[in-house]
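Encoded as structure tokens, the structure appears first; notes follow it.
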Protein chains: 2
Amino acid sequence: MYEEKEGLPAVTRKFYEQGEKMLVATDCIIFGFDAGSLKLLLFKRRVSPLEGQWSLIGSFVKLDEDVSAAAERVLEEITGLKDVYMEELKVYGAVDRDPGFRCISVGQYALIRLNEYDKKLVEQHGAVWHDVKDLPALVLDHEQMVNDALEKLKFKARYQPLGIELLPEKFTIPQLQSVYEAIFQRELDTRNFRKKVFSHNVLVKLDEKDKSSSKRGAFLYKFDHKRYSDLLKGGSDFGVL
Amino acid sequence: MYEEKEGLPAVTRKFYEQGEKMLVATDCIIFGFDAGSLKLLLFKRRVSPLEGQWSLIGSFVKLDEDVSAAAERVLEEITGLKDVYMEELKVYGAVDRDPGFRCISVGQYALIRLNEYDKKLVEQHGAVWHDVKDLPALVLDHEQMVNDALEKLKFKARYQPLGIELLPEKFTIPQLQSVYEAIFQRELDTRNFRKKVFSHNVLVKLDEKDKSSSKRGAFLYKFDHKRYSDLLKGGSDFGVL
DNA sequence: GCAAAAGTGTTGGGCGTACACCCATGC
DNA sequence: GCATGGGTGTACGCCCAACACTTTTGC
């Protein structure tokens with residue numbers, strides 16, 4: 001627990017006492033990818049307030065916890081995952097956004113691999129994956145958060161290889177294309193897509209094929225993280241279209 | 001003043017009481033443009049804590065105030081300006097960022113016209129314009145905020161006509177080019193710049209010249225806000241390079 | 001042998017970039 | 001008449017978008 005600091009001059013203490021304190025929450029927009037479509041992890045609230053309604057997964061930020069750490073804690077509590085791609089979306093700071101008490105929320109979105117998370121943990125929390133094309137109504141301003149996150153994801157995916165965050169370590173090019181088609185909500189041209197992703201030289205072809213989705217089978221690739229970070233320093237971008 | 005809500009079920013009250021409350025501040029990164037360079041409005045603190053040191057202009061967010069409204073209030077208190085281009089930068093939420101009490105800050109950056117602000121008000125607050133290429137040390141994590149804001153400004157200026165937010169209503173093309181050169185910190189080619197800005201068809205040529213910086217004089221233009229918002233709906237972008 | 005997905009090249013147009021000279025005017 | 005900044009056009013290369021057929025293999 002974090003205490004008011006001792007030993008500050010009176011005038012300084014007064015300065016901080018003037019400030020009105022409020023709740024700070026973080027809500028996580030957790031994306032996954034499966035069966036050709038983008039999924040969102042939602043949570044049916046089992047406790048008051050707003051019991052029984054769908055919401056994002058969130059928590060209050062503790063006094064002794066960084067805001068980003070709070071989001072990481074929430075994500076780990078519900079999926080068992082650490083070290084996940086996660087980024088701040090924006091602040092939701094309207095006075096009346098939470099009917100209980102003044103509370104601002106920092107939206108943060110995460111991309112996770114559906115083959116890695118802890119299914120039991122998710123179930124225990126009453127969380128369910130929903131297709132982003134078919135979402136239920138959500139509490140408070142959570143629908144706005146989801147829409148903002150989808151927009152930002154579309155935008156960022158044009159310049160950063162976010163697609164690989166949603167796939168297993170080994171993946172095929174058709175799978176990768178399918179991820180981007182789900183993000184952009186439109187079909188991409190196979191030849192142009194391959195040309196583009198290979199042009200960055202960050203994919204390593206393996207000697208294995210995945211035959212789960214075709215008779216011929218597609219070669220598996222993995223992402224070369226080291227080469228990627230080297231190229232980033234050179235200021236490259238990693239668009240797929 | 002904002003009170004704890006009455007009439008909530010006990011379990012709901014408990015839920016909100018569990019949350020640890022903290023200070024929420026907003027800090028404004030206020031950019032202006034003058035004499036060919038980008039300026040930042042900084043503030044020499046006259047009160048404890050951190051008296052005498054340079055800092056951004058900020059304030060605690062009040063319980064009955066939206067986060068964005070707090071930034072607008074701060075900006076108006078110090079410059080007299082309303083309805084200014086302002087946008088959220090990001091949240092600064094590290095536990096130890098403020099030595100006084102746990103306080104997260106929402107950085108917000110603003111672009112203002114140096115011919116419009118209230119000079120007396122700025123003076124009264126001990127605020128001074130500094131060239132961004134020559135900034136003093138700043139308190140807390142404010143230097144990080146400034147760097148982040150400069151990065152974001154560079155990035156966004158490629159796709160949105162932010163330059164005009166820093167110029168008077170009537171401006172010349174060389175002035176506009178000079179704004180972008182200050183933002184990107186490099187020289188731009190005059191012919192390509194003109195080609196690009198005119199290609200968007202959002203500048204209206206006036207029948208006046210500005211002779212303040214050359215004998216020949218440069219034609220003044222104004223920005224066609226209506227045409228711009230119409231084009232935006234069509235999904236255009238407004239790059240200058 | 002056929003269905004179903006994997007994989008492969010070429011072309012045209014638009015956009016960004018590089019580059020050099022004449023114009024108008026005040027002094 | 002000259003110094004100073006304002007204003008203009010072209011040519012090249014690159015990247016994006018459009019487009020159709022062959023390959024592999026399980027059934």
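Convention: sequence-line order gives letters A, B, ...; per-chain numbering from 1.
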Could you check how far NZ of A/Lys211 sits from C1' of C/dA5, rounded to whole Å? 12 Å

Rounded to the nearest angstrom, tell me the gap between atom CZ in A/Phe193 and atom P in D/dC15. 18 Å

Pairing of A/Lys226 and A/Asp230 as salt bridge, 4.0 angstrom limit: yes

To the nearest Å, give me how far apart CZ (B/Arg194) and P (C/dC23) are. 16 Å

Could you check whether B/Glu123 pairs with B/Lys119 (Lys NZ or Arg NE/NH1/NH2 to Asp/Glu carboxylate O, under 4.0 Å)? no

Check every strand shown and say whether B/Ser213 touches a base, only sugar-phosphate, or nothing at a heavy-atom separation below 4.0 Å. sugar-phosphate

Take atom CZ of A/Phe198 and atom P of C/dG9, then tell me their distance rounded to the nearest Å. 12 Å

Nearest-angstrom distance from the residue atom CD of A/Glu187 to P of D/dA17: 15 Å

May I ask you to decide whether B/Lys170 forms a salt bridge with B/Glu208, counting only side-chain N to carboxylate O separations under 4.0 Å? yes

For A/Phe171 and C/dA6, give me the distance from atom CZ to atom P, rounded to whole Å. 15 Å

Round to a whole Å and report the spacing from CG of B/Leu188 to C1' of C/dG16. 13 Å

Quick one: do B/Arg113 and B/Glu169 satisfy salt bridge (Lys or Arg N to Asp or Glu O under 4.0 Å)? Show the steps, please. CA-CA 9 Å; B/Arg113 301 179 224 284; B/Glu169 196 192 349; over 6 Å; no

Once base and sugar-phosphate atoms are separated, protein heavy atoms under 4.0 Å mark nucleotides 19-24 of chain D, 5' to 3', with B, S and - as BB--BB

What integer distance in Å separates B/His200:NE2 from C/dG14:C1'? 14 Å

Could you report the tightest heavy-atom contact between B/Val67 and B/Gln108, atom names first, then the distance? O-NE2, 3.4 Å

Just to confirm, is there a sub-4.0 Å distance from OP1 or OP2 of C/dG16 to any side-chain nitrogen or oxygen of B/Lys196? yes

Check this for me: does any side-chain nitrogen of one of A/Asp34 and A/Lys39 sit under 4.0 Å from a carboxylate oxygen of the other? no

